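What's counted below: heavy atoms across the whole structure, side chains too, no hydrogens, waters or symmetry copies. Keep in mind that what you see is a predicted model, and the values were worked out from it rather than measured. Chain letters run A, B, ... following the sequence lines, proteins first, then strands; residues in each count from 1.
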There are 2 protein chains.
Amino acid sequence: MHDEPGRPVGPADGVRGRRPRTTRARLAEVALRLFARDGFEATTVDDIADAAGIARRTFFRYYATKADVVWGEFDAELERLRERFRRAPEGLPIVDVVRTAVVATNRFGAGELDQLRTRIELTATVPALVAHSAVQYQAWCDVVAEFAARRLGADPGELGPQTVARACLGAALAAFTVWAARPDEDLDRCLDEAFRILAAGCA
Amino acid sequence: MHDEPGRPVGPADGVRGRRPRTTRARLAEVALRLFARDGFEATTVDDIADAAGIARRTFFRYYATKADVVWGEFDAELERLRERFRRAPEGLPIVDVVRTAVVATNRFGAGELDQLRTRIELTATVPALVAHSAVQYQAWCDVVAEFAARRLGADPGELGPQTVARACLGAALAAFTVWAARPDEDLDRCLDEAFRILAAGCA
DNA sequence: CATATTAGTGCACTCGATGCCAGAATGGGA
DNA sequence: TCCCATTCTGGCATCGAGTGCACTAATATG
């Protein structure tokens, strides 16, 4: 995907200190392979570090927790989402804007889609990851609530924006998990359908 | 509330072995007081055990994890919810049934309401509890999805029931957290309003 | 070559959680 | 009364995640 912190290895390019021995992306790759093979719980941080050729302690310089590996660069995705909300046309209903934004931030090539499936299946299946994901979802909700609040002329903490944001999260999660579980489904179609149900008042 | 496993202490009543030294409810009381005073993270299981006059190891016989204390008897509440769905009138829209059931399963006396507020504030605020709660919410969603599936004539794992269930969860959570944060709000009113927004398609 | 900068790593430690097993308390029956 | 089955307690050892600290290694610049 993209190689993150600094120059991976190679000729100098004007940055001072020692070059990192690996990247977040590579660590994630290694770890996800182990998770898929042995399970999340059965894989220790030592295993990941060994497989990646770094020390256990170093792993925690790249990711704060074992679970964070599964979430990759979610912060960046949140920022993209925020940007899309900023540029959203005024006329469009909130739910439609969110649906469009979610669809847009999840356009991947075929290879990446497979990795996404693995990630989603893990986060929806492994209890420890279900748990950890909630914190990420909260951040996602905050972004949506901020947008909904602007539209509703309310404070992001009020009931209106909060309800809209969390309901949108629910629809998106339903779409993602159903899609991840069935190889033949289309992600966009799932998202469209879920948000259609939401816009119809769950009737 | 209710004193759980076996006779608390006192005269025999026909049960064989040694009598438990405490109860789940008492442990929860002790723990919640410590959480409220020192914070969830800063309170160790040793602290709770000491305060309750039992050994650390014994604590884990009453609750599987430190976080479980905050959730008390959620299993039982899920069962009550399931029962209500079973008895729900056929004509009522899904969302209304869920709203009514949630309101009904959360009728408490004034004293208990305070404890509920503490619990909700903790679960919505402390990251470790936000995380742990997700597992409980998943169970909640399963119950709602099961009901929605019956109504929609679908499988509980399909997109329709999943979307409805998760959206309902979102509405309920929004109501609970907004309520917990504001002393003057009324829980029933919050729930009604949140589900009204949901039924209106978040518009 | 000296120095600042940045990354890697070993060590010790805390804390949650678990398995195992011995011991304490209790009721029932020979 | 004495032993036994039952049930709960709790000590001990162990694992694994996560953290703070101090030291080492690599690299660019002057």
[X] [atom1] to [N] [atom2]: how many Å, rounded?
X     : N      : atom1 : atom2 : result
A/F59 : D/dG16 : CZ    : P     : 15 Å
B/Y62 : D/dT9  : OH    : C1'   : 9 Å
A/K66 : D/dC15 : NZ    : P     : 16 Å
B/F60 : C/dA17 : CZ    : P     : 5 Å
A/R19 : D/dT29 : CZ    : P     : 11 Å
B/R16 : D/dC3  : CZ    : C1'   : 12 Å

Taking side chain to side chain contact (heavy atoms under 4.5 Å, CB included) as the test, write out the residues that go with B/E83, two or more places apart. B/R86, B/R87
From A/L32 atom CG to A/R119 atom CZ, the distance as rounded to the nearest 0.5 Å: 5.0 Å
With sequence neighbours left out, what residues match A/Y63 under ring-ring contact (aromatic ring centres under 6.0 Å, His included)? none
Considering residues at least two apart in sequence or located in another chain, which fulfil the ring-ring contact (aromatic ring centres under 6.0 Å, His included) criterion with B/Y137? B/W71
Dump every N/O contact between nucleotides 21-25 of chain D and the protein below 3.5 Å, one line per pair.
residue, atom, partner, partner atom, Å
D/dA25, N3, A/R18, NH1, 3.4

Looking at DNA chain D, which of residues 123-131 of chain B put a heavy atom within less than 4.0 Å of it? none
Could you identify which residues of residues 35-56 of chain A place a heavy atom less than 4.0 Å from some atom of DNA chain D, listed by residue number, or say none? A/T43, A/T44, A/V45, A/R56
Sequence neighbours excluded - ring pair (Phe, Tyr, Trp, His ring centres under 6.0 Å) pairs with any residue from residues 155-203 of chain A: none
Please, which pairs that meet ring pair (Phe, Tyr, Trp, His ring centres under 6.0 Å) have at least one residue in residues 18-37 of chain B, sequence neighbours excluded? B/F35-B/F40
Kindly state each residue pair satisfying salt bridge (charged side-chain N to carboxylate O under 4.0 Å, His left out) with at least one member in residues 126-146 of chain A, sequence neighbours excluded. A/R82-A/E146
Do any pairs count as a salt bridge (charged side-chain N to carboxylate O under 4.0 Å, His left out) and have a residue in residues 162-177 of chain B, sequence neighbours left out, and if so which ones? none
A/R196 and A/E193 ion-paired at < 4.0 Å: yes
Please report, to 0.1 Å, the donor-acceptor pairs under 3.5 Å made by any side chain of residues 180-190 of chain B, with sequence neighbours excluded.
residue, atom, partner, partner atom, Å
B/D186, OD2, B/R189, N, 3.3
B/D188, OD2, B/R107, NH1, 3.0
B/D188, OD2, B/R107, NH2, 3.2

What pairs meet the side chain to side chain donor-acceptor pair (under 3.5 Å) rule with one or both residues in residues 151-160 of chain B, with sequence neighbours excluded? none
